[in-house]
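What follows is a set of notes on a single structure, which appears directly below.
Just follow the structure's listing: the first ligand is 1, and inside any ligand the first atom is 1. Bear in mind the structure is a predicted one, so any value in this text is a computation, not a measurement.
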Amino acid sequence: MPTYVTTPIYYVNAMPHLGHAYTTIVADTYSRFRRLCGDAVRFQTGTDEHGEKIAEAAARAGEDPRVYVDRVAAAFRKTWPLLSVDPDYFIRTTDANHIQTVQDILQQVYDAGDIYFSEYSGLYCRGCERFLTEKELVDGKCPDHLVEPSPITEQNYFFRMSKYQDWLIDHIKTNPDFITPERYRNEVLSFLSDPLEDLCISRPTSRLTWGIPLPFDTDFVTYVWFDALINYLTGIGYPDGPDFNTCWAVAEHVIAKDILKPHAVYWPTMLRAMGLRPYQRLHVHGYWNVDATKMSKSLGNVVRPKELVDTFGVNTLRYFVLREMSFGLDASFSGDAIQARHNADLANDLGNLFSRSLAMIDRYTCGQVPEREAGTITPDDRALMSAFTATVIDYRESMDGFRFHKALQAVWEVIGLLNRYIVTNAPWEMAKNPRQADRLRTVLYFLAESLWKVAVLLRPVMPDAARKMAAALGMERQFRNITLDDLQRWGEVPPGTVIDKGAQLFPRVEKKVEISAAAPVKQPPAASAPAESTEGLISFDQFQAVDLRVAEIVAAEKVAKSKRLLKLTVRAPEERTVVAGIAEFYAPETLIGQRVLLVANLKPAKLMGIASQGMLLAAKEEQADGTERLVLATVAAPVAVGSRVA
Ligand code: ME8
């Protein structure tokens, strides 16, 4: 069976964070799993680039929206290979063919009489880009963005969504897999038990121009959700591309619960109005939280996936998110949790099993996979074989049902069994006794073949580590064409295969790791804080309390054993030492004589044992890959050293 897997297309109003990474890793893992089952898969992700939020973000960045969306979309596109995510297609809602398709569909639905013009008043959340009902508010605020929605009255175009309510309820009831896990299906059915309102699908150009013009009234642009959802069709060549029919019949969307309503209500009814069948399955997951609050760009408490990859490697990141979160429920992120999983599950359980087994094959059978010796098979081996049979069945069911943590639990049970198999068989004892040479070969054979099976089972989750395991087992060629069914056979690793015992899969991370989640801010910067609100602002006196001075750098050197730090001597006008985290951006000798801005009244702090008396100001520029570049702040014309900056 082929399948078509999609992620949400992400808003380009901020850089990718762990939440985006999770959904995309899930979709990638599921795609790889289905390929392992021998299925043809198309996997699509992309970016959502129109609407108020994006126009505002571009304005904040001081950029033309076009330039801004190009820059941030490129950052999303570049993030995925860092996470071993390999989509077949990356769609952008600013693509010309997408714009054309949205306009064609609007015209079609309008001509069919399902779009009409009317006036509407409602409570609008800019963060969600939709009107919220009173019921959805918590303490009068949007529960996702923690701001009060704004009352808006406007003339607009509406989609006759209510007309399809009964059909939708019936479809959900007769297709139990349509929305999973079940809790979200129930949530949608409960929402649909009240009368469904029609959907406002336009914004007047007097308020917003950054959108797709309605083909039948150019004084309006298309509402961002009507535009965005259609990406799932455009990406596969709707209406007449060669892949459209095969892909659409098997479409599976992966999303988090924040966008359940647009996907479970707006989208199927839109499809119905277009005369298309609904997608096949909608898979809904919970939130990654930090300190019990949803990690989100508007709240500012985000963890960057790049930072996790740099510290633990991509395999650990993928394993951690899939193992730690029960799909459908919320999970908490912490640096300690990922470090614990890395060291316990990956370095100890799997990594040690692998290196120990290869070391024994290297030592006792000259680095070649031995033959199983007839007559030496024990109940222990049979138990191992039947454990694998059960594991493969369990794994397949769990992966297919998006219960990734369960699939991984099953694999780790078999890893535990293998570690015990080594202890009970004690190959090092057999090696001392020539009469046990045949049994030793059988045991080592079972170990090699079992590791091969583990590598294949882990391929969808940790493609990189699995490939390394296969290569170390001398099975790289077979790895490319294997299917899950092949794992039910034994004897797949040819005796005589040369192994490489050198591979170290998961070096332990011993040092305590601090993963920074930026502190949550109370108000999302772009959302509608009332103009008179002073929350988050400082008074002039508070600003004046900071003693900023022009300083000249007179000496600079690297701090031993630090990649980041430079020790600087600055004059302002008295000399003092300042330690600055700019070593990756400036060679020390290029700094001598530069006039920079110094926070002169900061309490001294010790960095790598050096007392730093102040801090230099620098601009932090976020890079496309999620890292930051630091550029020192200077003065535009020569100014006397020690001058106050105010
Ligand atoms: O909603 N935990 O884009 P978006 C888990 N453009 N997943 C999270 C998360 C968290 N804390 N935060 C974000 C949009 N996500 C629209 C979608 S689709 C036609 C249009 C993930 O950038 C999760 O997949 O706000 C969530 O549904 C998505 O990012 C929202 O991304």
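Each of the following atoms of ligand 1 lies closer than 4.0 Å to a heavy atom of His263: 18 (S), 19 (C). Residue-ligand proximity, Lys294 to ligand 1, at heavy-atom distances under 4.0 Å covers atoms 11 (N), 12 (N). Atoms of ligand 1 lying under 4.0 Å from any heavy atom of Tyr287, numbered from 1 in the order shown and given with element: 2 (N), 5 (C). Close contacts of ligand 1 with Gly286, meaning ligand atoms under 4.0 Å from a residue heavy atom, involve 5 (C). Of all the atoms in ligand 1, the ones that sit under 4.0 Å from a non-hydrogen atom of Asn231 are 19 (C).
Using cut-offs of 30° and 60° on the angle between ring planes, the pair His283 and Tyr30 is tilted. Using bins of under 30°, 30° to 60° and over 60° for the plane-to-plane angle, the ring pair Tyr232/His263 lands in the tilted bin. Using the six-membered ring where Trp is involved, Trp412 and Tyr319 have ring planes that are tilted, between 30° and 60° apart. In this structure, Trp248 and Trp267 have perpendicular ring planes: the angle between them is above 60°, well past the 30° mark. Classification of the Tyr157-Phe216 ring pair by plane angle, with boundaries at 30° and 60°, yields perpendicular.
His20 and Phe76 have their aromatic ring centers within a separation under 6.0 angstrom. A distance below 6.0 Å separates the ring centres of Phe158 and Tyr120. Under the 6.0 Å cut-off for aromatic ring centres, Phe327 and His405 do not qualify, their centroids lying 6.0 Å or more apart.
Remark: ligand 1 and Trp288 share an N or O pair separated by less than 3.5 Å (distance only, no angle test). Of the polar atoms of Ala256, at least one N or O is found under 3.5 Å from an N or O of ligand 1, judged by distance alone. Considering both main-chain and side-chain atoms, Ile9 comes within under 3.5 Å of ligand 1 through a nitrogen or oxygen pair. An N or O contact shorter than 3.5 Å links Tyr11 to ligand 1 by distance. Here's the thing with Ala228: none of its N/O atoms is less than 3.5 angstrom from an N/O atom of ligand 1. Considering backbone and side-chain N/O of Asp48, one or more are found under 3.5 Å from N/O of ligand 1. Considering backbone and side-chain atoms together, Thr23 places an N or O closer than 3.5 Å to an N or O of ligand 1.
Between Glu52 and Arg207 there is a salt bridge, with a side-chain nitrogen of the basic residue lying less than 4.0 Å from a carboxylate oxygen of the acidic one. Ion pairing of Asp39 with Arg396 is absent here, as no side-chain N (NZ or NE/NH1/NH2) approaches a carboxylate O to less than 4.0 Å. Remark: Glu252 engages Arg34 in a salt bridge, criterion side-chain N to carboxylate O under 4.0 Å.
Under 4.0 Å from ligand 1, not a single heavy atom of Asn289 appears. Contacts with ligand 1 closer than 4.0 Å are made by side-chain heavy atoms of Trp225 only, the backbone lying farther away. Only the side chain of His285 comes within contact range of ligand 1, with a heavy atom under 4.0 Å; no backbone atom does. Only the side chain of Asp258 comes within 4.0 Å of ligand 1, judged by heavy-atom distances.
Considering only non-hydrogen protein atoms, atom 13 (C) of ligand 1 sits nearest to His17 CE1, 3.7 Å. Looking at atom 1 (O) of ligand 1, its nearest protein heavy atom turns out to be Ile259 CG2, 3.4 Å. Among protein heavy atoms, the minimum distance from atom 19 (C) of ligand 1 is reached at Tyr232 OH, 3.5 Å. Nearest to atom 8 (C) of ligand 1 among the protein's heavy atoms is Gly19 CA, 3.4 Å. Protein heavy atom in closest approach to atom 28 (C) of ligand 1: Tyr10 CE2, 3.9 Å. Atom 11 (N) of ligand 1 has as its closest protein heavy atom Met295 O, 2.7 Å.
With Phe320 as reference, Ile338 is the one residue of Leu346, Asn315, Ile25, Ile338 to meet the side chain to side chain contact (heavy atoms under 4.5 Å, CB included) rule.
No side-chain N or O of Thr205 forms a donor-acceptor pair with one of Asp219 less than 3.5 Å apart.
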